[in-house]
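In what follows, chains carry the letters A, B, and so on, assigned in the order in which the sequence lines appear, proteins first and then strands, with residues in each chain numbered from 1.
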There are 2 protein chains.
Amino acid sequence: MSNPFIRKLERFGLLSEADKEILLSVTTKVRRVGAQQDLISEGDPTDGVHLIQKGFACRYKVLPEGARSIMAYLVPGDLCDLHVAVLGRMDHSIATLSACEVITLSREVIEEITVNYPAINRALWWSVLVDEAILREWLVSMGRRSAEQRIAHLLCELLVRLQAVGLAVDNSYDLPITQADLADTTGLSTVHTNRVLQELRRHELIVFKNRSVNILDIERLKARAQFAPNYLHLEPKRPNGRSQSRDGYGGMIPPI
Amino acid sequence: MSNPFIRKLERFGLLSEADKEILLSVTTKVRRVGAQQDLISEGDPTDGVHLIQKGFACRYKVLPEGARSIMAYLVPGDLCDLHVAVLGRMDHSIATLSACEVITLSREVIEEITVNYPAINRALWWSVLVDEAILREWLVSMGRRSAEQRIAHLLCELLVRLQAVGLAVDNSYDLPITQADLADTTGLSTVHTNRVLQELRRHELIVFKNRSVNILDIERLKARAQFAPNYLHLEPKRPNGRSQSRDGYGGMIPPI
DNA sequence: CGGCATTTTGACAATCGTCAATCAGTGTGG
DNA sequence: CCACACTGATTGACGATTGTCAAAATGCCG
């Protein structure tokens with residue numbers, strides 16, 4: 001069973017068979033979307049929550065002069081807009097980077113799950129908070145890391161995230177995005193992005209060809225990027241699997 | 001009653017008298033902390049949640065070579081570490097920028113509030129999500145705005161946030177931080193930060209003296225910074241105050 | 001009046017951006 | 001099978017923004 005969504009949530013807390021069943025049952029209706037399509041636009045009201053099943057999407061904003069800023073990558077297993085369900089209005093847009101398979105979870109489904117399946121609810125909120133942690137790390141990259149470190153760091157992060165959902169083997173993974181996308185993610189120009197990638201290739205750290213990344217020397221790449229994966233909060237599940245809730249702060253997690 | 005915490009939460013949803021009472025009752029024991037003190041350090045486990053009552057604090061990380069990156073400002077009314085209560089471990093540190101008054105809410109208090117006061121619980125999660133939105137906007141600034149725009153944007157944001165808790169009058173507010181702090185926030189060097197501030201002063205947009213910001217022409221400053229406050233989600237409260245929960249996605253917000 | 005943190009300056013260098021071609025890969029229609 | 005068109009990658013020349021270093025000026029506090 002290679003459902004990336006379930007696979008991801010399992011890393012954030014043990015799920016029961018019933019949990020997995022309900023998750024499977026609500027993630028059957030897949031919609032195919034081409035590349036470069038908006039899934040949700042800034043200002044849109046909420047009409048359900050989108051789940052990426054296959055492909056890459058991103059959160060982004062476009063500034064008045066046309067510059068684009070990509071603030072997050074959404075990979076298989078990621079929910080795009082759980083927060084909108086709470087805040088009520090999008091303050092940014094979400095678009096596919098590659099062709100994607102997307103599942104829309106209706107408002108009712110989300111409520112059903114979060115109210116009646118506390119373990120899933122916890123895992124969902126955990127994932128929201130991890131997204132926030134990723135955002136913080138990206139901010140550090142933008143503020144205090146060189147262009148090369150930024151790109152290297154991002155490639156390390158994607159490796160770990162994709163491994164977590166079984167989409168990376170042998171330190172290689174599909175990265176179906178253009179250098180221009182990478183540039184808008186790292187705050188660089190496309191030209192400079194290109195040169196940095198060449199530099200990384202010259203040092204035999206990575207190869208990024210055919211929309212696929214191959215990391216040749218992960219240890220050296222991590223070192224160069226100062227990559228420490230703790231912010232992804234993917235440590236092994238806690239040993240004392242006290243079923244659901246009420247361990248620690250379990251009780252204070254609200255249904256969405 | 002000038003409790004910034006209550007004032008802030010009220011902007012995110014109507015609170016009943018009982019809500020306000022419980023909030024007041026748990027925010028009495030204030031601890032005074034000097035400037036430049038760590039409130040929580042990376043890796044720390046959770047031992048309650050910290051609330052800034054007075055003064056400025058920040059989230060930050062320090063990179064191996066010593067560079068510091070400030071990822072958030074915590075102003076009066078802000079909770080520092082609600083997420084740690086869920087994630088269990090800090091992936092960054094929090095320190096005071098100025099002398100502060102801090103309140104520690106114990107694990108028990110948080111659980112009591114979030115389980116039994118759904119309106120407060122909702123407002124708390126709302127504030128977590130707004131923090132995330134701020135992070136996204138900062139990322140945009142770092143990636144695609146010039147040094148001048150970054151600083152101008154930050155000053156606009158702080159005006160709005162401080163106005164929301166009654167700490168700004170006449171487009172002026174206390175900003176008890178140094179230019180070095182500002183530099184670590186915007187990803188610039190202190191030298192360049194200084195020059196940009198002079199530039200803004202020369203254009204008669206702001207004065208930043210004596211740890212106090214005076215915005216001389218807010219409209220012009222906003223225009224220059226491309227500041228649009230929608231990401232702060234401070235719009236007027238929804239008119240149909242259907243008491244608690246179950247309006248929209250109210251039901252899916254978990255107690256923390 | 002020191003002593004220390006912070007701000008300000010100047011000279012210079014490095015990183016990174018812009019502009020404008022060129023090259024390469026892919027897909028299409030003839 | 002090839003010309004053509006299109007998107008994306010790559011290059012070179014040049015310029016702008018921003019960083020570094022080191023010193024001087026200013027402000028604050030005991």
Quiz item: Does OP1 or OP2 of dA5(C) have a side-chain N or O of Gln36(B) closer than 4.0 Å?
Solution: no
Practice problem: Using only side-chain N and O atoms of Arg201(B), determine if any of them is under 4.0 Å from OP1 or OP2 of dT8(C). | Solution: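 Arg201(B) to dT8(C) OP1/OP2: side-chain N or O found under 4.0 Å.
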Self-check item: Between His203(B) and Glu199(B): side-chain donor-acceptor atoms closer than 3.5 Å
Solution: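 A donor-acceptor contact under 3.5 Å links the two side chains.
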Let me know the distance between [atom1] of [X] and [atom2] of [N], rounded to the nearest Å.
{"X": "Met142(B)", "N": "dC16(C)", "atom1": "CE", "atom2": "P", "value": "14 Å"}
{"X": "Leu175(A)", "N": "dA9(D)", "atom1": "CG", "atom2": "P", "value": "11 Å"}
{"X": "Asp181(B)", "N": "dT6(C)", "atom1": "CG", "atom2": "C1'", "value": "11 Å"}

Quiz item: Is the Tyr73(B) ring parallel, tilted or perpendicular to the Trp138(B) ring (thresholds 30°, 60°)?
Solution: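 Rings of Tyr73(B) and Trp138(B): perpendicular, over 60°.
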Quiz item: In B/S/- notation, 5' to 3', how is nucleotides 11-30 of chain D contacted by protein heavy atoms closer than 4.0 Å?
Solution: BBB----BSBB------S--
[X] bridged to [Y] by N-O distance under 4.0 Å:
{"X": "Glu148(B)", "Y": "Arg224(B)", "answer": "yes"}
{"X": "Arg220(A)", "Y": "Glu204(A)", "answer": "no"}
{"X": "Arg161(B)", "Y": "Asp78(B)", "answer": "yes"}
{"X": "Asp44(B)", "Y": "Arg89(B)", "answer": "no"}

